[in-house]
Each structure stands twice: as structure tokens, then as C-alpha cells.
K.L.:
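Pasting in a structure now, in C-alpha cells, and then I'll have a few things to ask.
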Amino acid sequence: MTYLENKDLKAYTQERLLNESVADFTDAVIEFERHRIAEFKVMISKYYDVESIFSETEPIKHPHIVKILVKMVGYDIKKRNAARKTGSDVEKDLEWAEKELDKMHRGIIKFDDLPKKAIDSSSGSAASKMLYGNLKNPNFYISRST
């Protein structure tokens with residue numbers, strides 16, 4: 001695993017359940033984490049520098065991100081175990097994690113201690129790309145500033 005540690009998973013899931021769920025495919029946890037991190041990157045890349053947060057050499061471990069990832073990866077692990085049914089609490093954990101990720105995506109939850117996405121100053125501000133109406137033209141056409 002690159003971002004999560006075994007102790008993170010064990011904090012929210014019984015160790016026996018984790019071991020039984022990935023006994024036949026030990027790389028499953030790594031794959032689940034990789035997929036969930038990719039999902040995370042897409043969702044929060046609008047506001048944060050995701051490459052530095054999820055860096056393979058020195059990731060920035062934020063407690064809220066760890067908790068969301070643990071619940072998502074934990075769900076994937078538990079769902080994989082065909083011998084066990086996932087309980088409603090596991091479903092609620094996933095639902096909570098997805099809602100929190102959506103809040104981060106929409107900018108409802110923002111963290112000042114995470115690195116912000118670099119702003120590209122060469123493209124200009126959003127105001128400079130706005131459409132405006134030319135009221136002096138009798139046709140009232142809309143022109144675009146470039």
C-alpha cells in the first residue's frame with residue numbers, strides 16, 4: 001500500500017476479517033487502494049495538489065482522507081469475501097465516505113493544511129474570460145473577450 005498502512009485498516013476492521021478476505025489474493029488491498037486513490041484524485045484535484053498528497057515517496061497523511069480511504073477500501077475488502085455478508089454498518093460507512101468525498105469535491109469541506117492546486121497565471125482570470133454584451137450595437141450581439 002502506498003498511502004494507507006495496515007494499522008489504518010486494522011483500526012476500523014477486524015484483522016481476522018481482513019486476512020480472510022484477501023487470503024487468496026494478497027495484492028487485492030493494493031489494487032483496491034490504487035483504485036480508490038485514483039477516484040480521490042479525480043474528485044479533489046480541482047482544489048488540491050493531489051500529486052503531492054498521494055506521493056509514493058512522501059505522502060501527506062491527512063486524518064480525514066485516511067478515514068475516508070479506509071472506509072472505502074475496507075468496504076471493497078469486505079465485499080470481496082463471498083463467505084460473509086456485508087452488514088448495514090459497512091454499507092453506511094461507504095455511504096458516509098462517499099458523501100464526505102463529494103463534499104470535498106464540491107468545496108463544502110476545505111482543508112487549509114493540504115497543499116492547494118497551483119494556479120496557472122498564464123491563462124488569465126475567470127473574469128477576463130467572461131462574456132459581455134455590447135449595448136452600443138443595435139443587434140445586441142454578444143462578443144467574447146480574448
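Throughout, residue positions are numbered sequentially from 1 according to the sequence presented.
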K.L.:
Can you tell me how far apart CG (D89) and CD (E95) are? Round to the nearest 0.5 Å.
P.N.:
12.5 Å
K.L.:
Can you get from I109 to I53 by hopping between Ile, Leu, Val, Met, Phe, Trp and Tyr side chains that sit under 4.5 Å apart?
P.N.:
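Linked, I109 and I53 end up in one cluster.
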K.L.:
Return the minimal non-hydrogen interatomic distance between D8 and V66, and the atom names on each side.
P.N.:
CG-CG1, 3.8 Å
K.L.:
Hey, are K10 and E5 close enough for a salt bridge, meaning a charged N less than 4.0 Å from a carboxylate O?
P.N.:
no
K.L.:
Is there side-chain contact between I37 and V50, with heavy atoms separated by less than 4.5 Å?
P.N.:
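No; the side chains remain at least 4.5 Å from each other.
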K.L.:
Check the hydrophobic clustering (I, L, V, M, F, W, Y; side-chain heavy atoms under 4.5 Å; chains of links allowed) and say if V90 and W96 are grouped together.
P.N.:
yes
K.L.:
With a 4.5 Å limit on heavy-atom distance, are the side chains of K41 and Y48 in contact?
P.N.:
no
K.L.:
Indicate yes or no: does E39 engage R36 in a salt bridge with an N to O separation below 4.0 Å.
P.N.:
yes
K.L.:
Which value, rounded to the nearest 0.5 Å, describes the distance between L4 atom CG and K61 atom NZ?
P.N.:
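Answer rounded to 0.5 Å: 6.5 Å.
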K.L.:
Hey, what do you get for CZ (F32) to CG (L9), rounding to the nearest 0.5 Å?
P.N.:
11.5 Å
K.L.:
Taking the side chain as every heavy atom from C-beta outward, state whether I65 and F54 have any pair of such atoms under 4.5 Å apart.
P.N.:
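Yes, their side chains come closer than 4.5 Å.
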K.L.:
Take S55 and I60, measure what side-chain contact (heavy atoms from CB on, under 4.5 Å) needs, and give me the verdict at the end.
P.N.:
CA-CA 8 Å; S55 167; I60 299 171; over 6 Å; no
K.L.:
Can a donor-acceptor pair be found, under 3.5 Å and without considering hydrogens, that links the side chain of Y3 to the backbone of E56?
P.N.:
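Not a single qualifying donor-acceptor pair exists.
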K.L.:
With rounding to the nearest 0.5 Å, note down the distance linking NE2 in H35 to CG in D76.
P.N.:
9.5 Å
K.L.:
How long is the span from the CD1 atom in I68 to the NE2 atom in H64, to the nearest 0.5 Å?
P.N.:
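Answer for the CD1-NE2 pair, I68 versus H64, is 4.0 Å.
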K.L.:
Just how far is it from atom NZ of K67 to atom NE2 of H62, taken to the nearest 0.5 Å?
P.N.:
12.5 Å
K.L.:
I'd like to know whether NZ of K116 has more than 12 heavy-atom contacts from other residues, nucleotides or ligands below 6.0 angstrom.
P.N.:
yes
K.L.:
Side chains of Y47 and M104: does their closest heavy-atom pair fall under 4.5 Å?
P.N.:
no
K.L.:
Applying the salt bridge (charged side-chain N to carboxylate O under 4.0 Å, His left out) test to D93, which of K99, K79, K71, K78 qualifies?
P.N.:
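The salt bridge (charged side-chain N to carboxylate O under 4.0 Å, His left out) with D93 is passed solely by K71 among K99, K79, K71, K78.
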K.L.:
Quick check: closest heavy atoms across A97 and M72, and the distance to 0.1 Å?
P.N.:
CB-CG, 3.7 Å
